[in-house]
Every structure is written in C-alpha cells, then in structure tokens.
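What follows is a short report on a single structure.
Remember, it's 1-based here, ligands and their atoms both numbered in the order they're listed.
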Amino acid sequence: MHELHLLLIFHLIGATIWVGGHIILSLVILPQVWKEKSVEKLFSFESKYERIGLPALLVMVITGIRMSYIYIIKISNWFNFENPIERVVSLKLICLATIVLFALSAQFYVLPRLKTDNTKLPLMTFHIIAVTTISILMLILGSFVRYGGI
Ligand code: HEM
C-alpha cells in the first residue's frame, strides 16, 4: 500500500468523526436544546465529543499536510493560488484557521457565558452551524484533488 493511500484512510476516518459529529450536533442536539431550552444537553455532548473530535481534527491536519507534501505542495508554496492542488490546500488551510477562530471564540467567550445566560444560545448556534458548514466545505474541497484540483 502506498503511503498516500494509508494517509488518506486516516484522513477520511478523521473527516468521518469530525463532520459526522458536527452534523449530529447541528441536526440532532441543537434542535433538542432549542426545544427544551436546556443548554445542559449541549454541554454534555460537547464534553464527551471533544475527546474524540479534537484528536480527529489533529489527525486530519497532520495527514493533510503530509499528503500535500507528497503532492509537492510545501509551506513555501502555500497561499500562492498558482496551481490547482495548491489552491485546494490553501483554501483548506484558510477554512482550518477560520474553524480554529470559531473554536477559540466558543471556548473562551461564548460557552462560559452560556452557562449562566441563555440569551447566548443564538450566538452559540451560529458558531456551531458555521463550523459544520465550513467542515463540509473542507470535505468537498478535498474531493476535488482526485479530479486535478480547482
Ligand atoms: C475538517 C477538516 C477536513 C476535512 C473534513 C477533510 C476532508 C477530506 C476529504 C473527504 C478528502 C477526499 C479524498 C478523496 O477524494 O478520496 C480529503 C482529501 C485531502 N485533504 Fe482533507 N480534510 C480536512 C482537512 C485537511 C487539511 C487541514 C489539509 C491540509 C492542509 C487537507 C489536505 C487534503 C489533501 C492534500 C487531500 C487529497 C488526498 C488525495 O485525494 O490524494 N485536508 N480531505
């Protein structure tokens, strides 16, 4: 088995956990939280999910960067937007940075306030929907590589 194929399998397991978890959060947990006006369910899902979600994201970043090196897309070429595969990698990295910003904002601003203030629920919902949408976008971007990039 080629190294790229093995990396891709780990990358896809990471994507399954990450994207799957966020879709469940958006379509199953969030509607319950809104209906019952209980943020407890959200905290309980977050605390259990982050133990598997964050390592999955880390696996995707490591395998993704190694795969882009196999495609000869190195740090020095990132964000040049000159070659079809490099454009995919650069867009994925921008998406990743946006997800990190949303995660930091949720962790250090929104979630601590949501504990005592239910009016922060729409803001938290926005964070969750944004991260879910960006993650699906990263999955779609990834699928372009086998067709030669964008
Ligand atoms: C939420 C994060 C991510 C998701 C959901 C995701 C998802 C995917 C998916 C579904 C593929 C499809 C592969 C195929 O066509 O069979 C893929 C490929 C790829 N991803 Fe990601 N990815 C993520 C993060 C990253 C990051 C951070 C990088 C690197 C900077 C990266 C680099 C790549 C590369 C180079 C491929 C092409 C592999 C190939 O087809 O040979 N990905 N990704």
Report the nearest protein non-hydrogen atom to [atom]: residue, atom name, distance rounded to 0.1 Å.
atom	answer
atom 41 (O) of ligand 1	Tyr71 OH, 2.5 Å
atom 15 (O) of ligand 1	Arg146 NE, 3.0 Å
atom 3 (C) of ligand 1	Met60 SD, 3.3 Å
atom 13 (C) of ligand 1	Leu8 CD1, 3.5 Å
atom 30 (C) of ligand 1	Leu93 CD2, 3.5 Å

Carboxylate-amine/guanidinium proximity below 4.0 Å for Arg66 and Glu3: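 Looking at Glu3 together with Arg66, the answer is yes, because their closest N to O distance falls below 4.0 Å.
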
Side chain, backbone, both or neither: [X] near ligand 1, heavy atoms under 4.0 Å:
X	value
Ile85	neither
Leu139	both
Ile73	neither
Leu141	neither

Hey, which atoms in ligand 1 end up nearer than 4.0 Å to a heavy atom of [X]?
X	value
Leu12	9 (C), 10 (C)
Val19	5 (C)
Ser143	12 (C), 15 (O)
Trp18	1 (C)
Ala15	5 (C), 7 (C)

Give the single entry among [options] that approaches [atom] most closely by any heavy atom.
atom	options	answer
atom 18 (C) of ligand 1	Gly142, Gly149, Ser135, Gly64	Gly142
atom 2 (C) of ligand 1	Glu86, Met138, Arg66, His11	Met138
atom 34 (C) of ligand 1	His5, His22, Met67, His2	Met67

Is a donor on one side and an acceptor on the other found under 3.5 Å between the side chain of [X] and the backbone of [Y]?
X	Y	answer
Ser68	Ile65	yes
Ser105	Leu101	no
Tyr49	Trp18	yes
Asn80	Glu82	no
Asp117	Leu114	no

Within-4.5 Å side-chain heavy-atom neighbours: Lys74 and Glu86: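 Sidechains of Glu86 and Lys74: no contact.
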
Side-chain touch Thr133/Leu137, heavy atoms, less than 4.5 angstrom: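 Of all side-chain heavy-atom pairs linking Leu137 with Thr133, none is under 4.5 Å.
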
Metal proximity, Lys92 vs atom 21 (Fe) of ligand 1, N/O/S cut-off 2.8 Å: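 Lys92 does place an N, O or S atom closer than 2.8 Å to atom 21 (Fe) of ligand 1.
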
Side-chain H-bond candidate by donor/acceptor type, Thr63 with His11, under 3.5 Å: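 Distance-only check passes for Thr63 and His11.
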
Residue pair Ala56 / Gly14: nearest heavy atoms and the distance that separates them: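 Looking at all heavy atoms of both residues, the closest pair is CB-O, 3.8 Å.
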
Closest contact, heavy atoms only, Ala106 versus Pro112: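 So the two residues come closest at O-CD, 3.8 Å.
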
